[in-house]
Amino acid sequence: MAAQLSPSPLIFHHEDIILKTQNNSKPKTNANSLIGSLSNCRNVKELEQYHAQLTKTGICKTISVVNKMVVTCAEIATLESLDYARKVFELFAKYREMCDFLFLWNSLIRGYASVGLGDESIFLYLRMMNEGVVPDNFTFPFVLSGCTKILAFREGNQVHGCLMKMGFNEDTFIQNSLIHLYSENGDMEAAKLVFDGMLERNVVSWTSLIRGYVRGDCERKAVDLFFEMVESGIRPSAVTMTCVVSACAKLGDLELGERVCACMRSCGVEENDALVNALVDMYMKCGVIETAKRIFDECTDRNLVLYNTMMSNYVREGLAKEALTVFREMLMAGLRPDYITMLAIVSACAELGNLVYGMECHGYILRNGFNGLDYVINAVIDMYMKCDEPDYACYIFDPMVNKTTVSWNTMVAGFIRNGDIEPASRMFNLMPDKDLVSWNTIIGALVQESLFEEALELFRMMQNKGVKGDKVTMVSVASACGYLGALDLAKWVHYYIENNEITCDMCLSTALVDMYARCGDPQSSMQVFHKMREKDVSAWTASIGAMAMEGSGEKAIILFDEMIKQGVKPDGVAFLGVLTACSHSGLVEEGQRFFRSMKDDYGSPPKVVHYGCMVDLLGRAGMLKEAHKFIQNMPMEPNDVVWGALLAACRIHKNVELATYAAKRVTEFAPDRTGIHILLSNVYASAGKWCDVARVRMQLKEKGWHKPPGSSSIEVNGTINEFTASDESHPQMTHIARMLEEMCCRLKDAGHVPNLSHVLLDVDEHEKEHALNRHSEKLAIAFGLISTDHGDQIRVIKNLRMCADCHTFAKFVSDTYSREIVVRDNNRFHFFRQGLCSCRDFW
DNA sequence: GTAGGGTTAG
């Protein structure tokens, strides 16, 4: 609404007007030029000065002056000037027959629309109709623009109806305004309908439609339309370019952006502030920071928006320090930060964990009244959370009356980041409206905490509430699926993504590659990988990991070399993948080559995890002495993982002495690692040193530790059946036991001899054999044989390493029963086919 | 006359 009219020196008395009109005196030439100068005024103050001069000439109150005053005020279009114009207008309303009154109505409606006071535009339009003033073809674009600005689409529709009745529906300007109206309302069908029905289209018609598609996230369509427009011979304006360039920014498609820019240059479009800003934004969002920076630096008169663009993008890119540098430059240039500046700078502080600077920003926000804007205050909450001050965050959040979903999400995400899952899930349950981000946050957190089944449960709950997942959701879901090794579910996830048109970006594709690999389906994994349009180092690493898990060291190496050939620089994680692959396949020399290449060719010296991997590689291959020496020559302190790798190798190669030493070292670094003691007791047990086994077990018992039970699970018809050793609880246990007995007989006939050395009980042979036959993976395989069809794979997930006997057992089963068996243990897969295993008995 | 730039949480 128009603000209260302030007292003004310009007072018109209607007596004067009547007097002057009656006199009908011709203004003098110099007075005419003064009236003309009125339209050059830039603000109310200048208007008043001219008016003072006009007063001296004695013609200040003629109709032409009044007309000029109102129109100029409307054109200046500030709240102040509009107040002024309105006041003059209302005074004149009583004498409307004496001047071109429609012109004044139009000017005011236009003025209000241009400052965003759309409700005033609509109000004046309605009043004018009410008073019987007939609108013309100028009135409608103005009032429609007013409707669009305040998103008054219902009113806009009514105006559309009215102008149709009055026969204005073939006016290009009016149709342009209608396209804009429908575009802003997201109704592209209606916008397109108007566009298609136009007899004449100008650059604004095209631009409005293009802009609509950009707003509606149909950026490609927008760019296609742009090229179509140029093709049809219409020259783009700076406004058109601003829209198209921002479409390219949203897509992050540099190649397309460059094509658009080339087209812009060949059309000779003159740049303006908004266009330069859009260009800087595009280069930033396409990751070409140098180019953006160059344009920014070359720009001589940078405005606030341009500074904000640079700062926001720097923060988004994780370059908080650079954002602060630009901020200082901006202050030096004498510009006053607005709330968007503060959003960027508060986020920068959050990123840097700079509490002091962050609090200073908070102060500035309070002093300038930006704290009423939920955008800003949410960013402040986020900043306090990221600066590890949850109490400050709560202090703002708790009394907030305008908590939005984003406020809640910020709090939940903050707690999760700080590792406080309990308050996070409490807040999640408390929040009144959960949106996609809320669900993604909590599901992601559960996956991070390895609570995979809980994560999937929440995903189901989310769907039941009618919230559709997006690519972020699916990354978490795929990851959960992979860790659970649930292949049927994994296939469903892939299907869900394709059927719901979820854009499979690099991140999600990589998650799928990893998911299939962990579910023991390397073919599907590689299929997804090969379909990827672009592959970054993470994508390559996932595929290398897939081959490592499959046990195809050679294929992993081929992939690694191919990655380098394609110019993708391997990072520490990629090297870890290829070293693991070498280790799993016993490719000692190749592993050593990669290890050396890290420092020599890529300048990234191996970290302690890589050393651990090398110890594993040497140790598995039976080179225990070399592995030990390798540890002794490490440039950094070996940790529990490194010694643990040696210990594991000692178990495989039954070196009790070195195992004892390694276990001692491990305990020094990680006194709480239960697994190590169990590993050690396994070494003693396999060497028949039962006294030592008992001693270690006793120590564990005294400290209240217990061995995690070995467990195997198998998914049948979407249900996950879990077995632990000697577990009798399964409803079909009698069948399973009978099946196991039959299997043992048939395998014995086929030549299988139970390997009792891995039974860790100091009991007689018969009992040992019974215990051995009740290992969880055997139960799962037996259950798989009776509950799946003959041609089906039997897929078992085990939480620990497979024991040697179960491994041989599975090989025999695959041959005797002609079944493929896939077992995933704690770090790799075994594919059993026709009596052989993919690991070639090396694991 | 009608069209345009920078915006928090996963």
Side-chain angles (χ1 to χ4, degrees), chain A residues 75 106-107 109-110 113-114 136-145 148 171-181 183-184 202-212 214-215 236-247 249 272-282 284-285 303-313 315-316 338-344 346-347 350 373-383 385-386 404-414 416-417 431 435-445 447-448 469-473 475-476:
Chain A
E75 273 172 0
N106 284 349
S107 293
I109 294 174
R110 175 192 175 200
S114 78
D136 65 0
N137 56 332
F138 281 75
T139 315
F140 289 107
F142 299 148
V143 69
L144 285 171
S145 165
T148 311
D171 181 287
T172 306
F173 285 81
I174 295 174
Q175 286 170 314
N176 288 348
S177 303
L178 287 170
I179 293 172
H180 183 52
L181 175 86
S183 290
E184 282 296 294
N202 61 19
V203 63
V204 179
S205 326
W206 289 88
T207 305
S208 300
L209 197 66
I210 289 171
R211 162 79 185 144
V214 180
R215 266 192 67 88
S237 68
V239 181
T240 321
M241 293 320 307
T242 307
C243 295
V244 182
V245 169
S246 83
N272 62 15
D273 282 359
L275 180 49
V276 170
N277 185 66
L279 286 167
V280 169
D281 190 49
M282 181 200 76
M284 275 294 213
K285 297 232 156 80
N303 62 18
L304 185 60
V305 177
L306 189 58
Y307 277 108
N308 285 346
T309 302
M310 278 307 271
M311 290 185 287
S312 306
N313 278 301
V315 175
R316 205 180 38 79
D338 69 353
Y339 77 98
I340 293 177
T341 319
M342 292 327 288
L343 276 175
V346 167
S347 305
L373 302 162
D374 53 282
Y375 263 59
V376 178
I377 213 67
N378 291 338
V380 173
I381 292 174
D382 187 50
M383 182 271 294
M385 275 300 202
K386 284 185 179 151
T404 63
T405 306
V406 177
S407 321
W408 287 92
N409 288 345
T410 307
M411 291 296 286
V412 171
I416 287 168
R417 214 179 299 109
M431 63 189 291
D435 68 358
L436 185 57
V437 174
S438 325
W439 289 99
N440 286 349
T441 308
I442 203 82
I443 291 173
V447 173
Q448 282 301 310
D470 70 349
K471 61 183 180 189
V472 181
T473 327
V475 168
S476 296

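Chain A is the first sequence line, chain B the second, and so forth, proteins listed ahead of strands; every chain is numbered from 1.
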State which of [options] makes the closest approach to the side chain of [X].
X        : options             : answer
A/Asn303 : B/dA3, B/dG5, B/dG1 : B/dG5
A/Thr242 : B/dA9, B/dG5, B/dA3 : B/dG5
A/Tyr375 : B/dG4, B/dT2, B/dT7 : B/dT7
A/His180 : B/dT7, B/dG4, B/dT2 : B/dG4
A/Asn202 : B/dA9, B/dT2, B/dG5 : B/dT2
A/Lys285 : B/dT7, B/dT8, B/dT2 : B/dT7
A/Thr240 : B/dA3, B/dG5, B/dA9 : B/dA3
A/Val406 : B/dG4, B/dT8, B/dA3 : B/dT8
A/Val305 : B/dG5, B/dT7, B/dT2 : B/dG5
A/Ala238 : B/dG5, B/dG1, B/dG4 : B/dG4

Residues in side-chain hydrogen bond (donor to acceptor under 3.5 Å, both in side chains) with A/Thr240, at least two apart? A/Thr207, A/Ser237

I'd like to know if A/Ser407 reaches the base of B/dA9 with its side chain, counting only an N/O donor and acceptor under 3.5 Å. no

Can you tell me whether the side chain of A/Asn272 and the base of B/dG4 have a donor-acceptor pair closer than 3.5 Å? yes

Kindly indicate whether the side chain of A/Ser183, heavy atoms from C-beta on, has any atom under 4.5 Å from the side chain of A/Arg211.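 Answer no - side chains too far apart.
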
Is there a side-chain contact between A/Arg316 and A/Lys285 (heavy atoms, below 4.5 Å)?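 Result yes, sub-4.5 Å side-chain heavy-atom pair found.
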
Just the rounded figure in Å: distance from [atom2] of [N] to [atom1] of [X].
X        : N     : atom1 : atom2 : value
A/Leu343 : B/dT8 : CG    : P     : 7 Å
A/Asp171 : B/dG1 : CG    : P     : 13 Å
A/Tyr339 : B/dT7 : OH    : P     : 10 Å

A/Phe140 meets the ring pair (Phe, Tyr, Trp, His ring centres under 6.0 Å) criterion, sequence neighbours left out, with A/Phe168

Looking at A/Cys243 and A/Ile210, what are the two nearest heavy atoms and their distance? CB-CG2, 4.2 Å

